[in-house]
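Atoms within a ligand are numbered from 1 in the order they appear, just like the ligands themselves. Keep in mind the model is a prediction, meaning the values are calculated, not measured.
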Amino acid sequence: MSERVGIIGTGHLAGYLVEGLRRAAPDLEIVLSPRNAARAAELASRFGATIASSNQDVADSAGALLLTTRPTDAVAALHQIAFRPSQTIISAAAGIDLQALAPAAAPAAVVRAMPLSCAAINASPTLLHPDDARARALLELVGRVHATETEEAFVRASAISAFYGWLFALLDRAVEWTEIGGLAPGLARSLVLETAQGTASLGLARPHEELADLLESLATPGGITRQGLEILRDREGLGSWIAALDAVYARLAQTG
Ligand SMILES: NC(=O)c1ccc[n+]([C@@H]2O[C@H](COP(=O)([O-])OP(=O)(O)OC[C@H]3O[C@@H](n4cnc5c(N)ncnc54)[C@H](OP(=O)(O)O)[C@@H]3O)[C@@H](O)[C@H]2O)c1
């Protein structure tokens with residue numbers, strides 16, 4: 001990726017993206033919005049980026065633009081900028097649909113993306129809609145890109161970005177619980193995280209095996225995995241995760 005990238009909105013997500021982009025592409029020119037001066041200065045000094053004099057200056061200097069403001073600010077931020085037809089705006093604003101973004105981005109093209117904070121370590125599975133070569137080339141620097149055929153599919157799958165966050169809560173509780181046994185400092189954390197990584201790695205390494213079958217091979221009758229699984233099922237431990245996904249999806253679908 002040789003062209004300049006502009007970033008409108010220099011909050012949490014922008015920080016993760018700048019870190020990952022810089023690691024993957026040491027020569028990539030990154031231009032930051034000056035709106036949050038302290039944050040822009042921090043990112044510029046840590047990762048090597050230029051701070052523009054205005055959002056218009058960001059847009060004037062870059063072909064691809066990452067829109068990483070909060071959802072409620074996204075359309076207003078676009079309206080304040082004059083774009084060129086040759087530009088591509090990649091909006092990360094959750095719940096703001098293309099119908100709302102496109103008029104404000106015109107005549108530039110606009111796509112939606114849902115990167116995760118693990119973009120900082122180039123490990124983000126990033127949803128994209130619609131597929132777009134320029135957006136894909138940029139986002140592939142921070143992980144794998146998964147384009148959806150429809151915006152509806154993008155919205156539903158976007159709920160998994162919240163699931164990603166909930167996993168930290170679950171893992172944290174498991175670490176806390178494991179520490180009670182008096183393990184050496186850091187061991188419970190490593191054990192729990194490597195265990196979760198092992199689950200994901202095995203599932204990814206065996207794409208033709210159903211996850212339910214991988215579980216079934218562990219959950220032998222009378223064994224500890226089955227014992228705990230039955231408690232989780234009885235207490236809606238699994239169902240409550242689906243209820244949370246349903247709630248997030250309903251909200252995302254309502255706002256677009
Ligand atoms: N955080 C994540 O991991 C994550 C993951 C996927 C998607 N997202 C999406 O990414 C977006 C940003 O999330 P975040 O957590 O990074 O939010 P955040 O930390 O609040 O950052 C948003 C930034 O946008 C700035 N901003 C607001 N209006 C602006 C404007 N007109 N021009 C330039 N900058 C402007 C804000 O500046 P002020 O502080 O001055 O208001 C703030 O620095 C959200 O839409 C969210 O849905 C986030």
Side-chain angles (χ1 to χ4, degrees), residues 5-21 30-44 46-47 49-62 64-83 87 89-98 100-101 104-105 108 110-129 135 138-139 141-146 148 151 154-169 245 248-249 251-256:
V5 175
I7 302 190
I8 308 285
T10 52
H12 293 93
L13 179 60
Y16 302 131
L17 288 168
V18 171
E19 183 175 352
L21 289 172
I30 301 172
V31 183
L32 303 173
S33 163
R35 148 108 171 209
N36 185 329
R39 176 73 172 154
E42 182 208 334
L43 293 180
R46 278 183 69 196
F47 302 115
T50 307
I51 304 172
S53 59
S54 64
N55 282 352
Q56 186 63 55
D57 188 21
V58 177
D60 289 347
S61 62
L65 292 155
L66 286 161
L67 178 65
T68 47
T69 65
R70 287 182 289 273
T72 45
D73 295 327
V75 171
L78 293 180
H79 270 304
Q80 288 161 0
I81 303 170
F83 295 104
Q87 291 178 301
I89 295 155
I90 304 161
S91 169
I96 307 299
D97 64 15
L98 292 173
L101 293 164
V110 64
V111 299
R112 297 178 68 180
M114 188 55 66
L116 305 180
S117 62
C118 49
I121 55 163
N122 309 86
S124 171
T126 301
L127 285 168
L128 175 66
H129 179 78
L138 181 66
L139 295 169
L141 294 173
V142 294
R144 281 193 75 182
V145 172
H146 302 280
T148 64
E151 192 169 15
F154 174 91
V155 172
R156 186 170 183 92
S158 292
I160 293 299
S161 65
F163 171 84
Y164 163 78
W166 309 332
L167 287 174
F168 283 108
L245 282 170
V248 167
Y249 171 57
R251 181 168 156 205
L252 290 172
Q254 189 187 21
T255 51

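With a heavy-atom cut-off of 4.0 Å, Arg39 does not touch ligand 1 at all. Heavy atoms of Arg70 found under 4.0 angstrom from ligand 1 belong to the backbone as well as the side chain. Proximity of Ser33 to ligand 1, defined as any heavy-atom pair under 4.0 Å, is confined to the side chain (atoms from C-beta onward).
Taking all heavy atoms of Ala113, Pro115, Ala76 into account, the minimum distance to atom 5 (C) of ligand 1 is reached by Pro115. Scanning Leu66, Asp73, Leu116, Leu13 for the heavy atom closest to atom 2 (C) of ligand 1 points to Leu13. Among Leu67, Thr10, Asn55, the residue whose heavy atom lies nearest to atom 32 (N) of ligand 1 is Asn55.
In terms of polar-atom proximity, Ser117 is not counted as a contact of ligand 1, lacking any N or O under 3.5 Å from an N or O of the ligand. Checked against a 3.5 angstrom limit, the closest N/O atoms of Pro71 and ligand 1 fall inside it.
Atom 3 (O) of ligand 1 has as its closest protein heavy atom Tyr16 CE1, 4.1 Å. Among all non-hydrogen protein atoms, the one lying nearest atom 9 (C) of ligand 1 is Ala92 O, 3.0 Å. For atom 11 (C) of ligand 1, the closest heavy atom belonging to the protein is Thr69 O, 3.0 Å. Among all non-hydrogen protein atoms, the one lying nearest atom 40 (O) of ligand 1 is Arg35 NE, 3.0 Å. Considering only non-hydrogen protein atoms, atom 47 (O) of ligand 1 sits nearest to Ala94 N, 3.1 Å. Protein heavy atom nearest atom 19 (O) of ligand 1, with residue, atom name and distance: His12 ND1, 2.7 Å.
Rounding to the nearest 0.5 angstrom, the gap separating the CD1 atom in Ile51 from the CZ atom in Arg39 is 11.5 Å. For the atom pair OG1 (Thr10) and CG (Leu17), the distance works out to 12.0 Å, reported to the nearest 0.5 Å.
Within the 4.5 Å cutoff, the side chain of Val142 has heavy atoms near those of the Leu21 side chain. With a 4.5 Å cut-off on side-chain heavy atoms, Phe47 and Ile30 do not count as touching. Between Ile121 and Tyr16, every side-chain heavy-atom pair lies at or beyond the 4.5 Å cut-off.
Leu101 and Ile96 make their closest contact through CD1-O, 3.5 Å (heavy atoms, listed as atom of the first residue, atom of the second, distance).
Enclosure of atom NE2 in His79 by more than 12 non-hydrogen atoms of other residues, nucleotides or ligands within 6.0 angstrom is indicated.
A donor-acceptor pair is defined here as one N or O able to donate and one able to accept, closer than 3.5 Å; no such pair exists between the side chain of Arg46 and the backbone of Ala41. The closest donor-acceptor contact from the side chain of Thr126 to the backbone of Met114 lies at 3.5 Å or more, if one exists at all.
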